[in-house]
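For reference, the structure discussed in these notes is given below.
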Amino acid sequence: MTDFIKQARLGVQGLAPYQPGKPVDELQRELGLTRVVKLASNENPLGPSPKALAALQLALANPLELGRYPDGSGFRLKQAIANKFGCALEAITLGNGSNDLLDIIARVFLGEGDEAIYSQYAFAVYPLSVQAVGATGVCVPARDYGHDLVAMAEAITTKTKVIFLANPNNPTGTWFSEADFHALMTRVPAHVIVVLDEAYGEFVSDASALNGLAQLGRYANLIVTRTLAKAYGLASLRVGYGVASAELSGLLNRVRQPFNVNSLALIAAEAAITDEAFVQQTRALNDAGMSQWLAATQALGLSCLPSRGNFLCVDMAAEAMPIFQALLREGVIVRPVGAYGLPNHLRISIGTEEENSFAINALARVLNQQVDG
Ligand SMILES: *Cc1c(COP(=O)(O)O)cnc(C)c1O
C-alpha cells in the first residue's frame, strides 16, 4: 500500500488539523442535554450586528444575485473599511476570515528555507500556515504567558521573512504596549514583514493601547489583520481584512483567490463595519461578563491570565481535560488548550450574563465533585 503521508510535503507531515470547538447540536445529540452553552470559540454572544442582519434579509429578497459570483474586488466593503479608518482602497486585502489572510501572507512571503517567528502560546494558525508552505516556524518562549518582544527581536536571523504578533493574543488574552512594539520594530530589518493580528482589537477599551492601523504610515513592512468574526458577530460568514501599504497589499491580492469572500459575507460586513453602536454594546457586555467571570473564578480559588480579549484563560490548578469533560456533561462547552502547551488551563469565552451564570454554576458543581470524588 502507498504511504501517502510520505507524499505530503515535509511541513504538512508534521501538522495536526486545527481543533475547532465542539458544535452545540453534536453535544446535545450525544448527551441528550436540554440546554447547551457554548463558550468555546470567542464568538459574539449577541450574534451578528442587527444592521448586518437587516442587510442580509434585504439580499435574500433578491435571490437571483446568489446565483452570481460575488464582487471579486469587494469594492463596497473595501470602501466602507477605507471610510471608517481613513485608509486607501489599495491598502486593503479582504479575506475569507482573517485566517485566510494569514495563509495568503505565508504563501506570498514564505517557502523552504525561510523562517517565520511567533511566540509560544500564540494563535495556532501561525505554525499551521508557516509549515504548510514548507517554511520553518521559530517559536520564541513566552514571558509571563505573553509575547516576549525582546526575545523575538533576538530570534531574527538572515532567514527570517515574517514575524507574527497577536495583540491581544489568543488563547492567553495577553497584550503588549505600544512602546514595546516600537522597540521591536526598530530592531526588525526593513525587508522583514511584521503581521500584527488584531482579531480582538475592538474589545480593547484602553485609549492608550497600541492601534496597529495608526502605525501603518510609520512602518512600510507592517500588515495589520482584523476580523468581522469576533466583535461584529459574523464568525459563520467568514470575513476579515488586512491593511498595509499599497505595495504589500498588491502582493497579497496576487495570491488571494478571486472570489474568496462570498456575497452574503460582503453584504453583512459592509453593514456591520459601520455599526459602532453594536460594537459599543458588545464591548460593554464583554466588560461586564469579564468582571463576572473574574469574581467567580476568584471565589472558586482559580486564577486567570490577564485578558483584553472576549475570553479568559483560567488556570484549573489541575489537569484541565477531566474538568472540560465534566463541563460537557453539564452542557457547557469551553476550550481545552493542552495543544498550546497549557494542559492545566481552559479558555472560556465571555457570554451573556445568563450564559456566564449557567457556566459558572456548572463549574462550581464540577469542581466540588472533583474534590468529593
Ligand atoms: C479568531 C482569530 C482570528 C481569525 O478569525 P477569523 O474567523 O478567521 O477571522 C485571527 N487571529 C486570532 C488571534 C484569533 O483568535
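All of these numbers come straight from a predicted model, not from anything done at the bench. For the single chain, residues carry numbers from 1 onward in sequence order. One-based numbering, in listed order, for ligands and for the atoms of each.
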If the cut-off is 4.0 Å to any non-hydrogen atom of [X], which atoms of ligand 1 fall inside it?
{"X": "N170", "value": "13 (C), 14 (C), 15 (O)"}
{"X": "R238", "value": "6 (P), 7 (O), 8 (O)"}
{"X": "G97", "value": "6 (P), 8 (O), 9 (O)"}

Determine the interplanar angle of the Y200 and F203 rings, folded into 0 to 90°, and report it as parallel if under 30°, tilted if 30 to 60°, perpendicular if over 60°. tilted
What residue and atom, counting heavy atoms only, is the protein's closest point to [atom], and at what distance?
{"atom": "atom 11 (N) of ligand 1", "result": "D197 OD2, 2.6 Å"}
{"atom": "atom 9 (O) of ligand 1", "result": "T227 OG1, 2.5 Å"}
{"atom": "atom 4 (C) of ligand 1", "result": "S98 OG, 3.0 Å"}
{"atom": "atom 15 (O) of ligand 1", "result": "Y200 OH, 2.6 Å"}
{"atom": "atom 1 (C) of ligand 1", "result": "K230 NZ, 1.3 Å"}

Centroid separation F164 to H147 less than 6.0 Å: no
Distance flag, aromatic centroids of Y340 and Y121, threshold under 6.0 Å: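 No, ring centres 6.0 Å or more apart.
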Just checking, is any N or O donor in the side chain of [X] or [Y] under 3.5 Å from an acceptor N or O on the other one?
{"X": "D100", "Y": "N260", "answer": "yes"}
{"X": "S41", "Y": "R335", "answer": "yes"}
{"X": "H182", "Y": "Y219", "answer": "yes"}

In a check of side chain to side chain contact (heavy atoms under 4.5 Å, CB included) between I105 and each of V133, V195, V130, T93, which one passes? V195
For ligand 1, which is the ligand I care about here, please tell me if N42 has any N or O atom under 3.5 Å from one of the ligand's N or O atoms.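 No; every N/O pair is 3.5 Å or more apart.
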Going by an N to O cut-off under 4.0 Å, is there a salt bridge joining K161 and E115?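 Looking at E115 together with K161, the answer is no, because their closest N to O distance does not fall below 4.0 Å.
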Ligand 1 contact on A199 by region, counting heavy-atom pairs under 4.0 Å: side chain
Please classify the N99 to ligand 1 contact at 4.0 Å (heavy-atom distances, strictly less than): side chain, backbone, both or neither.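 The answer is both.
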